[in-house]
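Report on the structure given below.
Residue numbers start at 1 and run along the sequence shown.
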Amino acid sequence: MESTLRPTRTRYGVIVFAVMLGIIHYIDRVCISKARPFIQQDLGFDDTQMGYVFSAFTLAYALFEIPGGWLGDKWGPRRVLLRVVMFWSVFTAATGYAWNLASMIVCRFLFGAGEAGGFPNIAKMFSVWLPQREHGVAQGITWMAARWGGAFTPLLVVWVLGYISWRNTFVLFAGLGVVWAICFYVWFRDNPKDHKGVNAAECELLEEAQKNLSGGHASIPWERLFTTKSVLLLWVYYFCISYVWYFYITWLPKFMEKELKMDMQDTWTSILNGLPLFLGGIGCFIGGVVARRMSAKSDSLSRARRTIGVMGMLAAGGMIILATTLNNPTYAMLALGFSGFFNDLSMPGAWGACMEVGGKLAGSVSGSMNMIGNLGGALGGVAVPWLMNLTNQSWDKVMYVAAATYLLAALCWMFIDSDERLEE
């Protein structure tokens with residue numbers, strides 16, 4: 001009888017699915033940067049054209065974030081994630097069949113439109129399936145897995161390219177998403193009470209989260225988004241860090257080859273290439289855990305997140321400046337790796353803030369933040385070659401601009417309050 005009073009732990013299954021989706025999300029996204037030399041050679045793209053390819057994904061990813069999150073608020077994550085993961089998997093495979101610049105841009109744009117619904121619906125899923133005290137750690141674990149998926153993708157792609165062409169590599173990776181979508185749809189339910197593995201005690205534990213169930217909202221709450229201070233600050237913060245982050249998953253191999261004079265076919269170089277994402281993943285996990293422990297002492301989760309956010313952004317910018325002063329390529333990459341670590345300390349707090357500020361509208365709020373952030377990422381994709389041309393091929397100037405964006409992000413975190421609510 002006693003065992004029946006203990007809450008089951010079925011809710012942690014959503015973290016497992018989120019972790020797997022985060023890994024697939026970043027594998028499908030990052031593999032193009034490692035396949036870039038083969039794509040440029042086969043299709044004859046110059047760097048500016050390749051920048052358009054990178055930014056086509058990011059622009060679509062940004063534009064469809066709010067619609068993807070809003071659909072999760074309206075219909076629930078189960079239906080939405082099945083459709084968007086299947087959709088982006090189709091266009092991951094289609095990337096391998098592109099024959100010119102236009103077809104590649106269309107494939108990457110539609111791929112980005114599909115991926116846009118991923119993380120906002122994970123946030124929506126967590127807001128219903130997990131109590132508030134577990135939000136930050138769940139987001140930290142998910143983003144750690146996503147970053148590690150991206151970190152190990154260069155090694156994975158090098159290994160796969162040893163056996164098959166870059167075209168078939170995209171087809172192979174597309175299959176991962178299809179398998180995930182089918183398994184998720186069979187297991188997941190939008191309401192934990194409808195899952196046969198959730199007992200009455202676990203339902204009681206999630207009673208507060210039940211208010212965040214999908215409510216059939218008729219329209220995106222634009223007025224509330226634009227009049228909530230913390231939402232606006234989260235937008236600017238995420239724009240800044242995404243501008244820098246996309247450098248790591250697009251132009252970093254070029255920087256390593258041209259500025260640091262590294263052999264991009266070398267295994268050690270591939271390991272260093274993934275270092276910002278690998279250490280960023282550790283930062284995600286630590287940021288979520290530390291914020292929870294700090295809040296237990298100060299009784300303010302919002303203040304803990306704010307402290308971590310400011311310190312992380314300042315340290316991330318400092319590491320980029322340090323990297324420009326180091327002559328040893330390995331040491332420079334270590335500095336950039338730790339910039340990724342400090343960047344991601346604030347990630348669980350930012351996504352947790354979206355869930356708590358948004359409440360029932362968690363999908364819309366997190367989607368809006370990711371939308372604005374990826375507009376920054378889209379800018380980063382084309383800004384690097386533009387800045388290089390403007391500054392006579394100076395990589396240092398590119399890095400100084402990146403460091404400056406972290407300073408602005410730190411200023412935003414000084415005023416973000418995750419206790420603010422979109423709906424009272």
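Under the 6.0 Å distance and 45° angle rule, Arg108 does not count as a cation-pi partner of Phe91.
For Asp194 (side chain) and Arg189 (main-chain N/O), no donor-acceptor pair under 3.5 Å exists by modelled atom type. The backbone N or O of Gly68 sits less than 3.5 Å from a side-chain atom of Asn121, completing a donor-acceptor pair. Without hydrogens or angle criteria, Asn389 side chain to Pro385 main chain gives a donor-acceptor distance under 3.5 Å. Remark: side-chain polar atoms of Ser368 are not paired, donor with acceptor, to backbone N or O of Ile66 under 3.5 angstrom.
Ring centroid separation for the pair His135 and Trp351 does not come in under the 6.0 Å cut-off. Ring pair Trp251/Phe255: centre-to-centre distance not below 6.0 Å. You'll find the ring centres of Trp129 and Trp187 inside the 6.0 Å limit. Aromatic ring centres of Trp245 and Tyr238: separated by at least 6.0 Å.
Donor-acceptor pairing under 3.5 Å is recorded for the side chains of Arg29 and Tyr246. Looking at Ser302 and Asp417, their side chains do bring a donor and an acceptor atom within 3.5 Å of each other.
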Which donor-acceptor pairs under 3.5 Å do the side chains of residues 157-164 make with protein atoms, sequence neighbours left out?
none

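Among pairs with a residue in residues 273-292, those fulfilling ring pair (Phe, Tyr, Trp, His ring centres under 6.0 Å) read Trp148-Phe278, Phe152-Phe278, at least two apart in sequence or across chains. Listed by first and then second residue, the salt bridge (charged side-chain N to carboxylate O under 4.0 Å, His left out) pairs that reach into residues 39-58 are Asp47-Lys254, sequence neighbours excluded.
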Could you go step by step and tell me if Glu420 and Lys229 meet the salt bridge (Lys or Arg N to Asp or Glu O under 4.0 Å) rule?
-> CA-CA 8 Å; Glu420 191 173 6; Lys229 181 192 70 174; 5.2 Å; no

Mind running side chain to side chain donor-acceptor pair (under 3.5 Å) on Arg303 and Thr307 for me, showing each step along the way?
-> CA-CA 6 Å; Arg303 187 181 304 117; Thr307 301; over 6 Å; no

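Surrounding OH of Tyr52 are at most 12 heavy atoms belonging to other residues, nucleotides or ligands under 6.0 Å away. Other residues, nucleotides and ligands contribute only 12 or fewer heavy atoms inside 6.0 Å of the CG atom of Asn392.
With Glu202 as the fixed residue, the salt bridge (Lys or Arg N to Asp or Glu O under 4.0 Å) test singles out one of Arg9, Lys196, Arg11: Arg11.
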